[in-house]
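Below is one structure, written out as structure tokens; the observations come after it.
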Amino acid sequence: MWFGWAQENPRKGWRKYIGSAAVAALLVGLIGIYLSVTNWHEPTALSTTTAYHQYLLVVTIEFLLAGIGAFLLIKRKKKDYIAPWIAGMVGIHFFWLTSIFNDGSLSILAVLLIAVALVSLFLSKKLQVANSAITGVGSGTVLFGFAIAGWIRFLLV
């Protein structure tokens, strides 16, 4: 999704790389779906009712804040800031998920996504591209890297 959003207004020469990254991310996602379905019976961090309810609460709050923020940005005619806003909310979301999943690496992911959101505000102006181009490439790359790392962690266990 992030690599798709990155194609809103990037430099022309970036499109083939963003498209390639989107295809690679899709393939990793499909492998993740396959691994999830074939290991459906295995317990997860969300197997307990408490963890599952905490997860639902975090996701609900994230969606509400992201949606309200996006609505206000549209209303104030600042649509170019929606992608960084969403990336920042997703970053904060991963801070909350650190304790639910008992995985400290999610804090690193959170910091990186928030950093991408903030850096995109300045870098997009310097490169004369939409905020979504920088936010999409940055967030897509960070999440793709963490997906690969998660896949490797799964295979090594």
Side-chain angles (χ1 to χ4, degrees), residues 1-33 36 44-46 50-151 153:
M1 189 237 16
W2 285 104
F3 289 121
W5 209 345
Q7 296 197 35
E8 181 181 353
N9 187 21
R11 289 188 169 178
K12 274 192 176 191
W14 294 6
R15 289 198 187 270
K16 63 183 170 189
Y17 299 108
I18 294 170
S20 297
V23 170
L26 174 64
L27 292 175
V28 169
L30 291 173
I31 292 168
I33 290 169
S36 179
T44 70
L46 298 178
T50 302
Y52 183 68
H53 286 131
Q54 288 175 340
Y55 175 78
L56 288 178
L57 179 64
V58 166
V59 170
T60 301
I61 291 170
E62 174 196 11
F63 268 84
L64 284 172
L65 291 175
I68 291 167
F71 173 78
L72 292 173
L73 288 168
I74 290 168
K75 194 163 175 70
R76 294 186 176 151
K77 301 194 184 332
K78 304 252 186 212
K79 291 185 343 185
D80 197 38
Y81 294 97
I82 293 174
W85 169 254
I86 300 296
M89 295 282 43
V90 171
I92 291 168
H93 153 94
F94 280 110
F95 273 129
W96 289 343
L97 294 182
T98 299
S99 63
I100 293 171
F101 289 107
N102 197 23
D103 184 351
S105 73
L106 294 178
S107 291
I108 297 167
L109 179 56
V111 168
L112 291 173
L113 288 173
I114 292 167
V116 164
L118 294 172
V119 167
S120 75
L121 299 174
F122 304 101
L123 195 55
S124 62
K125 284 180 179 58
K126 183 176 179 174
L127 297 175
Q128 297 179 348
V129 297
N131 285 330
S132 58
I134 302 300
T135 305
V137 168
S139 296
T141 301
V142 168
L143 289 164
F144 181 77
F146 268 78
I148 294 292
W151 184 33
R153 284 169 57 181

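Any value given below was found using the heavy atoms of this structure, including those in side chains, with hydrogens, waters and symmetry copies removed.
Every side-chain hydrogen bond (donor to acceptor under 3.5 Å, both in side chains) that Arg153 has, sequence neighbours left out, goes to Asp103, Ser105. Qualifying side chain to side chain contact (heavy atoms under 4.5 Å, CB included) partners for Ile148, counting only residues two or more places apart in sequence or in other chains: Val28, Phe144, Trp151, Ile152. Take Glu62 and apply the side-chain hydrogen bond (donor to acceptor under 3.5 Å, both in side chains) test, not counting sequence neighbours, and it matches His93. For Ser36, the side chain to side chain contact (heavy atoms under 4.5 Å, CB included) criterion is met by Trp40, not counting sequence neighbours. Residues satisfying the ring-ring contact (aromatic ring centres under 6.0 Å, His included) criterion with Trp85, sequence neighbours excluded, are absent altogether. Residues satisfying the side-chain hydrogen bond (donor to acceptor under 3.5 Å, both in side chains) test with Thr98, not counting sequence neighbours, are Ser107.
The stretch residues 66-77 participates, sequence neighbours left out, in no side-chain hydrogen bond (donor to acceptor under 3.5 Å, both in side chains) pair at all. Within the structure, the salt bridge (charged side-chain N to carboxylate O under 4.0 Å, His left out) test picks out no pair touching residues 129-139 (sequence neighbours left out). Identified under the salt bridge (charged side-chain N to carboxylate O under 4.0 Å, His left out) test for residues 13-23, with sequence neighbours left out: none. Sorted by first and then second residue, the salt bridge (charged side-chain N to carboxylate O under 4.0 Å, His left out) pairs with a member in residues 85-102 form an empty list; sequence neighbours excluded. Legend: salt bridge (charged side-chain N to carboxylate O under 4.0 Å, His left out) pairs involving residues 127-146, not counting sequence neighbours: none detected.
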Could you tabulate the donor-acceptor pairs under 3.5 Å formed by side-chain atoms of residues 117-138, not counting sequence neighbours?
unit_1	atom_1	unit_2	atom_2	d
Ser120	OG	Ala117	O	2.8
Ser120	OG	Thr135	OG1	2.9
Ser124	OG	Ser120	O	2.7
Ser124	OG	Asn131	OD1	2.3
Lys125	NZ	Tyr81	OH	3.4
Asn131	ND2	Asp80	O	2.9
Asn131	ND2	Asp80	OD2	3.1
Ser132	OG	Glu8	OE1	2.4
Thr135	OG1	Asn131	O	2.8

